[in-house]
Asks: 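I'd like to ask some things about the structure below.
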Number of protein chains: 4
Amino acid sequence: MVIAPPNFTAPELKAAPDSRFVSAPADGVFPDNFFPTTNLPTYVKVKGQWRMPREPRMDGGLVLDDKGELWVREGRRVKKGQLVAIGSAEDGSEGVFVHTAPFFGEGEGGGDFKFMGSEVSREKPIDYVLMAQILVAERARGGYPIWVTGPALVHSRARGDMSWFVSNGFVGALLAGNAVAVHDIEASIYGTTLGMTRTGEIAQGGHGLHMRAINMVRAAGSIAAAVKQGIIKDGIMHACVVSNVPFVLTGSIRDDGPLPDVISDMERAQDAMRAHTIKATMAVLIATALHAIATGNMLPAFVTEKDGTLRELATICVDSSEFVVSKLKDRGTHQAFGVVTNAQDFMHILRLYVERELNHARSSGPQQAQAAAR
Amino acid sequence: MVIAPPNFTAPELKAAPDSRFVSAPADGVFPDNFFPTTNLPTYVKVKGQWRMPREPRMDGGLVLDDKGELWVREGRRVKKGQLVAIGSAEDGSEGVFVHTAPFFGEGEGGGDFKFMGSEVSREKPIDYVLMAQILVAERARGGYPIWVTGPALVHSRARGDMSWFVSNGFVGALLAGNAVAVHDIEASIYGTTLGMTRTGEIAQGGHGLHMRAINMVRAAGSIAAAVKQGIIKDGIMHACVVSNVPFVLTGSIRDDGPLPDVISDMERAQDAMRAHTIKATMAVLIATALHAIATGNMLPAFVTEKDGTLRELATICVDSSEFVVSKLKDRGTHQAFGVVTNAQDFMHILRLYVERELNHARSSGPQQAQAAAR
Amino acid sequence: MVIAPPNFTAPELKAAPDSRFVSAPADGVFPDNFFPTTNLPTYVKVKGQWRMPREPRMDGGLVLDDKGELWVREGRRVKKGQLVAIGSAEDGSEGVFVHTAPFFGEGEGGGDFKFMGSEVSREKPIDYVLMAQILVAERARGGYPIWVTGPALVHSRARGDMSWFVSNGFVGALLAGNAVAVHDIEASIYGTTLGMTRTGEIAQGGHGLHMRAINMVRAAGSIAAAVKQGIIKDGIMHACVVSNVPFVLTGSIRDDGPLPDVISDMERAQDAMRAHTIKATMAVLIATALHAIATGNMLPAFVTEKDGTLRELATICVDSSEFVVSKLKDRGTHQAFGVVTNAQDFMHILRLYVERELNHARSSGPQQAQAAAR
Amino acid sequence: MVIAPPNFTAPELKAAPDSRFVSAPADGVFPDNFFPTTNLPTYVKVKGQWRMPREPRMDGGLVLDDKGELWVREGRRVKKGQLVAIGSAEDGSEGVFVHTAPFFGEGEGGGDFKFMGSEVSREKPIDYVLMAQILVAERARGGYPIWVTGPALVHSRARGDMSWFVSNGFVGALLAGNAVAVHDIEASIYGTTLGMTRTGEIAQGGHGLHMRAINMVRAAGSIAAAVKQGIIKDGIMHACVVSNVPFVLTGSIRDDGPLPDVISDMERAQDAMRAHTIKATMAVLIATALHAIATGNMLPAFVTEKDGTLRELATICVDSSEFVVSKLKDRGTHQAFGVVTNAQDFMHILRLYVERELNHARSSGPQQAQAAAR
């Protein structure tokens with residue numbers, strides 16, 4: 001807990017120049033290029049001596065007062081003409097040394113004081129351009145992206161977008177639970193999910209509609225049969241059946257029904273999922289803690305190319321909360337890139353960007369068009 | 001805690017017919033129109049007698065076995081030929097009575113058993129069409145929508161979309177804190193927010209950039225002056241200055257700087273905000289608990305039209321978590337319509353829908369065009 | 001969207017007295033018993049006329065100025081001697097009428113303006129006294145409380161408390177998944193959960209320890225056998241085996257192993273759980289969305305006593321986030337009482353309160369002692 | 001994105017022995033000390049050659065089949081007598097090399113594959129023993145712990161516990177906003193917070209009670225005056241006044257009232273807070289994003305002892321969600337130790353542990369007793 005002082009006899013620190021001080025141009029205004037402080041132990045070289053400023057805090061400046069006293073001061077408190085340290089180097093080379101090592105470690109593995117260092121945060125920008133490019137590239141090279149989705153996807157009206165990805169060759173296999181298919185099929189037959197309409201209204205008697213939908217598919221014998229008989233007319237499962245995209249529906253203890261296609265035995269279900277994860281070249285995990293972690297358990301962090309070289313297996317994990325993404329990483333799927341947003345909005349924007357990427361490729365001549373073509 | 005039995009001598013219940021039973025068409029399949037159970041006390045009229053089924057649960061059917069025993073059974077457990085109650089009325093009129101009153105109250109104010117009853121949930125669909133229509137209509141009638149935003153809006157790259165709303169007449173006034181303007185201005189000057197680039201990378205020495213940006217505006221004297229001097233070249237604050245959209249920046253205890261436009265005294269700041277809330281005809285609150293609740297405190301739940309009639313004041317509250325929206329309601333802003341999503345994605349899709357609405361209006365002839373025109 | 005005006009010809013409103021006004025005793029201070037405003041349409045009877053104040057907002061007072069103008073004013077803005085409306089009735093009977101009906105409905109089912117109306121919130125107090133009393137009462141009358149738990153319970157060191165509840169007769173049956181038992185057994189054998197020690201450190205090679213623990217139980221043949229062979233020495237599963245408390249471990253798609261006791265087939269697993277839910281007289285659902293909703297699906301909202309009377313089935317649902325509790329309610333388990341906290345802390349305090357309740361009963365003479373005794 | 005292969009010519013890998021294989025003792029059971037796999041590129045030395053197993057995944061074992069093929073297999077799929085690699089070293093020294101460097105970096109700064117690596121998680125145990133020891137030690141050496149709290153603390157009934165810490169010398173200064181004091185004083189006068197009783201019921205007319213409480217204190221002139229006049233009889237503010245513990249109440253844009261002690265000007269308020277942060281030797285931040293980040297901004301990450309040595313400034317941050325703690329760290333307060341739980345429960349257990357620590361010290365003889373004494 002005690003923090004050892006820096007080694008001021010080290011050559012870099014010994015050779016360091018004095019810090020330069022410049023007058024504040026006005027009350028409440030620092031000079032250009034003022035040194036912005038951190039909350040770490042900070043040493044300023046004044047007349048060849050390393051000194052610590054008083055009243056340390058982050059986001060201040062270093063002020064040398066008339067009496068030669070050194071302070072950390074907020075910009076609003078600086079007075080015109082006061083001397084303020086300038087520079088931005090924190091390694092002593094401009095006369096200010098920030099002692100990061102006791103906090104962040106030393107050497108290559110160590111780190112600087114910085115903001116926004118957390119891995120997963122709703123405050124981080126979402127790079128839809130990059131995700132769209134990866135998806136388009138995977139399709140172009142005949143990759144096998146597995147999509148793993150939770151029911152929120154259907155529940156909140158992203159059905160159309162997911163169906164579009166299935167129909168347009170971006171889905172190698174769909175791995176999900178009973179509920180995804182149940183909500184999707186209820187939506188196709190009754191226009192509701194759990195009795196809630198597309199605009200969020202509760203339908204009269206709506207609580208029974210998912211049970212009626214399940215019952216109709218059980219009567220038909222399978223989802224494919226229900227599609228053939230015209231019971232299921234659109235949506236995600238319809239798209240899978242029509243486009244021959246394989247799907248695995250695995251059971252869970254909370255399932256209603258279940259649908260006839262659901263694999264109820266968990267050992268058989270894991271084997272069925274794994275038949276796809278061993279082929280996966282990319283993974284998109286949306287709004288499901290259970291299935292995302294199940295997939296993460298089975299998924300290598302890398303893809304082995306035909307020539308034996310390895311590359312990272314791009315893994316996107318989308319959830320409304322940081323918790324699910326962090327939990328996935330905490331269960332070992334460290335390579336997951338987290339997107340903290342609503343599944344419905346994610347699907348909508350991702351599709352938009354993929355469509356743009358395809359249009360762009362088409363309009364850029366034969367080479368890219370090839371990439372965009374299936 | 002004791003639940004009084006229903007009053008079976010009431011005329012409706014006395015007059016109710018026996019429940020109808022139909023044979024299950026196959027193992028694991030209920031007949032069409034089977035009665036789906038709830039978890040509430042349920043009474044089935046069999047030979048003139050109201051009886052409770054054994055082993056109650058939701059999402060089952062009502063099965064009458066060979067021995068005349070009545071059960072709640074999961075669909076997968078029903079056998080071909082077993083008798084299953086049909087119907088969907090829960091008020092006894094088809095021979096099944098679900099006793100909701102002890103749980104949900106009676107009369108108009110009472111309620112049915114239903115799913116998805118919570119007011120705020122990420123699982124609810126987001127009605128962008130409706131929100132876009134309201135915004136376009138407000139602009140058409142010269143309304144005064146106030147936008148209240150938190151820094152996440154800027155932090156996660158929705159700057160362009162927010163600037164678009166400002167520039168295109170959808171913003172009556174912008175109410176925010178120091179951080180929104182600081183991030184926006186750092187983005188204009190350095191291309192980062194808190195030192196993080198648009199794609200989420202951490203810039204070298206980035207932790208000081210927001211302080212440098214603040215210092216430049218303090219040196220210029222005001223945001224408007226910094227715009228005029230070409231220091232601030234784009235973004236939200238730039239759009240406000242250029243389009244003469246009023247903004248109020250209110251201070252907070254965690255402010256860096258602050259920027260010269262920030263009102264540091266909270267009583268004066270509340271007065272400044274209230275000068276806008278008394279004119280407001282709509283409110284859009286995005287990614288800010290502090291400012292959303294501050295605004296909610298000052299905002300009537302209704303608009304008084306010039307002719308004295310009243311209408312509800314449309315209030316949209318967007319946040320990544322249900323908590324902020326619920327808290328706003330818990331502080332009395334009951335009229336708020338909650339949208340649980342990422343602020344960046346919300347802005348992007350809302351703009352898309354508003355643009356569609358405008359295109360639609362333009363292409364639908366003069367009447368709507370007028371509405372779409374400013 | 002238009003709000004119809006109140007019916008001022010209704011007898012109550014016609015007969016209502018004028019509002020009483022009292023002078024403010026000092027600058028910035030309202031008179032005692034001032035009328036606190038809401039954000040709803042408000043009508044004040046002045047000289048026999050119902051009038052609306054200007055600049056409505058909540059948390060203000062009603063000020064009648066020198067010119068006879070009526071305003072809503074913040075307390076800090078009121079001046080000594082200004083006339084302020086007093087009273088608290090909002091139905092007009094003291095001269096102020098708040099028009100709640102267009103917002104909250106009319107009659108018994110309608111509501112007042114109020115704060116903290118949301119059903120589930122971390123801001124609500126947690127009534128440990130009541131929960132402890134219910135648990136003690138259930139044990140005293142030979143009830144059958146089912147406990148349904150997620151792995152967070154074990155992961156974060158509440159093992160000892162859960163074991164205590166099992167050993168002391170408060171658990172009719174334990175319903176959980178593979179992970180609860182895996183973490184509990186890893187903790188017994190290696191002192192870690194997923195390789196993390198009791199103080200949160202990551203053990204060297206820790207990621208394999210849960211697999212080694214599973215393998216040892218698989219080699220033993222069952223959890224009970226592993227207890228008998230001394231492999232499992234303490235913890236939750238140990239307590240269940242030793243105290244003959246039945247448990248059901250149901251499989252899931254993300255299971256490692258699984259342990260030999262886990263029921264892998266979901267239909268059989270649901271049947272096994274339901275054998276307990278039909279006997280349940282109370283339910284405690286802790287830190288598990290999957291199993292809580294599974295249980296909610298199967299659980300009636302009521303208990304049928306031996307004499308045929310019904311009472312509500314007390315259902316406590318504990319989770320770190322409002323979302324899981326709201327989701328459980330959204331899936332129909334409306335009777336659930338939500339507690340938003342960390343599972344570890346919940347268990348610790350609940351045990352403390354139950355112990356106090358037992359001590360209290362013991363020290364209060366034979367009658368209560370009987371209740372406290374098993 | 002391409003992963004370079006390991007350097008198998010490096011001396012350690014060249015010198016590595018073959019992996020040892022042992023027969024599985026039964027179907028579905030690995031041998032003792034089997035090697036548990038990760039999702040990273042893994043190389044197994046067989047007959048002097050480094051080979052990659054097929055179908056990689058985490059949580060499996062390495063199986064060498066009859067044909068000399070190497071597989072990753074789940075334990076449940078292994079057959080009695082199959083050869084399984086044993087060992088736990090991942091650096092090749094036992095014949096298995098896990099290539100972590102492309103994923104986690106190399107050298108001291110690099111890392112192993114591990115679970116539970118995220119910094120802030122509700123799944124991490126909360127070390128109350130350690131926190132209690134730090135608090136007791138700070139009191140013993142005359143430290144200056146600052147407590148920074150949000151209103152949830154009062155709202156959810158932890159008032160008594162917080163008052164206890166104030167009264168018993170564990171609080172150097174209390175830094176909070178208007179709402180903490182308002183709720184606390186409403187609770188003292190009316191027994192409610194925002195009109196909600198201690199058991200969570202909504203009091204009739206409750207929405208005005210906080211305004212009435214504020215008005216009474218405004219009439220009295222200050223919180224201290226209201227305590228002296230017997231208006232405020234108990235609670236946190238009462239304890240501060242009676243025990244001469246300094247408090248700073250800083251204004252915010254959402255304040256009702258405010259109370260007369262609140263500093264409305266943010267620059268003055270920051271100065272007032274900083275007068276305490278420069279003296280702080282510890283910080284406890286509970287259930288407040290705004291004030292926690294404000295404090296973090298002003299707080300050095302270290303304490304300067306009288307003799308000039310430095311030690312880390314212990315910083316505990318408690319919140320219901322990971323987000324606030326992560327945000328605090330993302331704003332530079334990297335040293336914060338996060339506790340994800342409900343504020344009410346945190347306070348209750350922390351007090352319990354501090355009381356235990358004190359009892360323990362008292363009963364352990366003079367030396368510790370001194371520490372426990374004030």
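Each chain gets a letter, A, B and so on, in the order the sequences are listed, and its residues count up from 1. Nothing here was measured: the structure is a model prediction, and the numbers come from that model.
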Asks: Would you call A:W71 and A:P53 a side-chain contact if the rule is heavy atoms closer than 4.5 Å?
Replies: no
Asks: Which bit of D:L299 is near chain A, if near means a heavy-atom gap under 4.5 Å: side chain, backbone, both or neither?
Replies: backbone
Asks: Answer yes when D:E74 and D:R57 have at least one side-chain N-carboxylate O distance shorter than 4.0 Å, and no when they do not.
Replies: yes
Asks: Only pairs of heavy atoms separated by less than 4.5 Å count here; which of A:E322, A:M298, A:M52, A:H334 has the most with chain D?
Replies: A:H334
Asks: Under a 4.5 Å cut-off applied to non-hydrogen side-chain atoms, are D:T315 and D:L285 in contact?
Replies: yes
Asks: Give, for atom CZ of A:F337 and atom CG of A:L130, the distance between the pair rounded to the nearest 0.5 Å.
Replies: 7.0 Å
Asks: A:V72, A:V340, A:T38: which one forms the most heavy-atom pairs within less than 4.5 Å of chain D?
Replies: A:V72
Asks: Can you find a heavy atom in the side chain of D:L70 that is under 4.5 Å from one in the side chain of D:V63?
Replies: no
Asks: If we only count heavy atoms from C-beta on, is the A:L62 to A:V96 side-chain gap below 4.5 Å?
Replies: yes
Asks: Salt bridge (Lys or Arg N to Asp or Glu O under 4.0 Å) between D:E55 and D:R73: does it pass, once the steps are laid out?
Replies: CA-CA 8 Å; D:E55 303 190 354; D:R73 280 276 173 272; 3.6 Å; yes
Asks: Is there a side-chain contact between A:F97 and A:E90, using heavy atoms and a 4.5 Å cut-off?
Replies: no
Asks: If we define contacts as heavy-atom pairs under 4.5 Å, which of D:T37, D:D59, D:T304, D:I278 has the most with chain A?
Replies: D:I278
Asks: Using a heavy-atom cutoff of under 4.5 Å, enumerate the residues of residues 269-276 of chain D that contact chain A, numbered in order, or state 'none'.
Replies: D:Q270, D:D271, D:R274
Asks: Could you tell me which portion of D:Q335 (side chain, backbone, both or neither) has an atom closer than 4.5 angstrom to a non-hydrogen atom of chain A?
Replies: side chain
Asks: Side chain, backbone, both or neither: which part of D:R76 has an atom under 4.5 Å from a heavy atom of chain A?
Replies: side chain
Asks: Name the region of D:P56, side chain, backbone, both or neither, that has any atom closer than 4.5 Å to a heavy atom of chain A.
Replies: both
Asks: With only heavy atoms counted, which part of A:T333 is less than 4.5 Å from chain D, the side chain, the backbone, both or neither?
Replies: both
Asks: Are D:M58 and D:L40 packed together at the side-chain level, in the sense that at least one heavy-atom pair is separated by less than 4.5 angstrom?
Replies: no
Asks: Is it the case that the ring center of A:F8 lies less than 6.0 angstrom away from the ring center of A:Y43?
Replies: yes
Asks: Could you tell me whether D:R311 and D:E138 make a salt bridge, using a distance below 4.0 angstrom between a side-chain N and a carboxylate O?
Replies: yes
Asks: Is it the backbone or the side chain of D:S321 that comes under 4.5 Å from a heavy atom of chain A, or both, or neither?
Replies: neither
Asks: Please rank D:K329, D:R122, D:K327 by heavy-atom pairs under 4.5 Å with chain A and give me the top one.
Replies: D:R122
Asks: Please flag which part of D:K279 lies under 4.5 Å from any non-hydrogen atom of chain A: side chain, backbone, both or neither.
Replies: neither
